[in-house]
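For reference, the structure discussed in these notes is given below.
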Amino acid sequence: MTDEPNDATPFLPERSSLKALREAAAGCRGCHLHRNATQTVFGEGRAGSRIMLVGEMTGDREDREGRPFVGPAGRELSAALEAVGIDRKEAYVTNVVKHFSFTERGSRRIHQTPKRFEVEACKPWLEEELRVVGPEVLVTLGATAGKALFGSKFRVTRERGRPVDSDLAPLVTATVHPSSILRQQTDEDRQAERHAFTEDLRVVAERLG
Ligand code: SF4
């Protein structure tokens, strides 16, 4: 991997509107992940959205459709937001890593947790999204997003559901990635995880009024 570029910075546009960023990100070759993925999946939502949600990485369905959080985990996220009274269309939703990383097992593409150098390569896009969106509330979903924005010592199990000490937004908080609901083995455990995830987002809803 040593001869591969590992930084999205050279691909950032001069103008930093969301439109310009999205168009530039479509051609990003800042790391090796663009080679096997279908397309860049940039964040979705408006500049000035009051809430910004940051997940881990583009998934299989997202890679095919070109939009973030449209697979099963995305449905969990939408349902939890709705349960606490947040309209997903009012939120800006994105991932730390904007190309899908996977290994093939037969006809299936199995998601790979992004490596540290892939997160670092892609981070300039997230930093630009944060700057342009300027959310009132920032929520990280899962360990990868938390570590990317708060450092390697961040532990989502310890910090979830309460304010994180960060100047990235007026309220910064963290919860698990909604895919953790789907990984539970029993209906009972799925319900419990779904409930905990929703309660974490309730803190955000209360802030937004
Ligand atoms: S994962 Fe990020 S840095 Fe790597 S090519 Fe895709 S957009 Fe660029």
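Whatever order the structure lists ligands and atoms in, that order sets their numbers, starting from 1. Throughout, residue positions are numbered sequentially from 1 according to the sequence presented.
No hydrogens or angles considered: nothing links the side chains of Ser101 and His111 as a donor-acceptor pair under 3.5 Å. At a cut-off of 3.5 Å, with distance as the only test, no side-chain donor of Glu44 or Tyr92 sits close to an acceptor on the other residue. Arg131 and Ser16 share a side-chain donor-acceptor pair at under 3.5 Å. With no hydrogens or angles considered, no side-chain donor-acceptor pair links Thr58 and Asp63 at under 3.5 Å.
At a 4.0 Å cut-off, not a single heavy atom of Ala25 sits close enough to ligand 1 to count as contact.
Aromatic ring centres of Phe11 and His34: separated by at least 6.0 Å.
The shortest contact between atom 2 (Fe) of ligand 1 and any protein heavy atom is with Cys122 SG, 2.3 Å. Given atom 6 (Fe) of ligand 1, the protein heavy atom at minimum distance is His99 ND1, 2.2 Å. Taking atom 8 (Fe) of ligand 1 as the reference point, the nearest protein heavy-atom neighbour is Cys28 SG, 2.3 Å.
Contact annotation for Trp125 and ligand 1: only side-chain heavy atoms (C-beta onward) come within less than 4.0 Å of the ligand.
For ligand 1, the atoms sitting less than 4.0 Å from at least one non-hydrogen atom of Ala121 are 3 (S), numbered in the order shown with element in parentheses.
Atom 4 (Fe) of ligand 1 has an N, O or S atom of Cys31 closer than 2.8 Å.
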